[in-house]
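Working notes, beginning with the structure itself.
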Amino acid sequence: MKSEPDAYSIDDLARDGVEPWDGIRNYQARNLMRDEMSVGDRVLFYHSNAKPPGVVGIAEIASSAYPDPTQFDPDSAYFDDSSSPDDPRWLLVDVRYVSHLERIVGLPEIKDDPALADMVLVKRSRLSVQPVSAEEFDHIVALGGSVA
DNA sequence: GCCAACGTTGGC
DNA sequence: GCCAACGTTGGC
């Protein structure tokens, strides 16, 4: 899962513990949260639009998908007036902090690693929630160093 | 700041 | 249903 650290960083998640992952406004990302995530699933936390961009930590899914309240809030940047409470268009999941990696695994390193060539991040980078295989997950954690 | 790659919108 | 115009993402 990607986040711009200026908006919400791994340090913010470490401080907050659990955070509703609001603001996802992409159908593919929504469907992944709805259909492919279970409580306890591990998450790679990725800093996008960062210097450097890369995987910075580990989180886990702390809830199943439920309606994102910001879509109904006219004062929110994520407000969507074509969504109704009867039939919510946008969902979110709660995300819980697990750990930082010992070092950032940067995007260039990921792109250059043959074991990671099939990652969605490499093949189709512009998606804020992406599936990661168990092998890819373990490989990146091994590169970055697991703190726990 | 630039721009490539997508995703969405809306006229027809 | 097609597709042009437009908006967003995010690396560089």
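A, B, ... follow the sequence lines: proteins, then strands. Residue 1 opens every chain. If you're wondering where the values come from, they're calculated on a predicted model, not measured in any experiment.
One atom, CG of D80(A), and another, P of dT8(B), lie 12 Å apart when rounded to the nearest Å. The distance between atom CG of D6(A) and atom P of dG11(C), rounded to the nearest whole Å, is 12 Å. Separating the NE2 atom of H47(A) from the P atom of dG11(C) is a distance of 12 Å, rounded to the nearest angstrom. As rounded to whole Å, 13 Å separates atom P of dG10(C) from atom CE of M1(A). Distance I110(A) CD1 to dC12(C) C1': 16 Å, rounded to the nearest Å. Rounded to a whole Å, the CG atom of L127(A) is 13 Å from the C1' atom of dT8(C). Across the protein-nucleic acid pair, K123(A) atom NZ and dG11(C) atom P stand 19 Å apart, rounded to whole Å. D81(A) has its CG atom 17 Å from the P atom of dT8(B), to the nearest Å.
Ion pairing of D68(A) with R25(A) is present here, as a side-chain N (NZ or NE/NH1/NH2) and a carboxylate O approach within less than 4.0 Å.
Within the nucleic acid shown, K51(A) has no heavy atom closer than 4.0 Å to any nucleic acid atom. Among the protein residues, Q28(A) comes within range of the sugar-phosphate backbone only, with heavy atoms under 4.0 Å from sugar or phosphate atoms but none that close to a base.
The ring of F72(A) has its center no closer than 6.0 angstrom to the ring center of W90(A).
Dashed line: the shortest gap from a side-chain N or O of Y46(A) to OP1 or OP2 of dG11(C) is under 4.0 Å.
Listed by first then second residue, pairs satisfying ring pair (Phe, Tyr, Trp, His ring centres under 6.0 Å) with a partner in residues 47-70 of chain A read F45(A)-H47(A), not counting sequence neighbours.
Picking from dC12(C), dT9(C), dT8(B) the nucleotide with the shortest atom distance to the side chain of R126(A) gives dT9(C). Taking only side-chain atoms of R124(A), from C-beta outward, the nucleotide of dG10(C), dG11(C), dC6(B) with the closest atom is dC6(B). Listed nucleotides dC12(C), dG10(C), dG7(B) differ in distance to K2(A); the shortest reach to its side chain belongs to dG10(C).
With sequence neighbours left out, the salt bridge (charged side-chain N to carboxylate O under 4.0 Å, His left out) criterion links K51(A) to no other residue.
For the pair R89(A) and N49(A), nearest-nucleotide mapping onto DNA chain B gives the more 5' position to N49(A).
Defined by atom type and a distance below 3.5 Å, a donor-acceptor pair is missing between the side-chain atoms of Y78(A) and D73(A).
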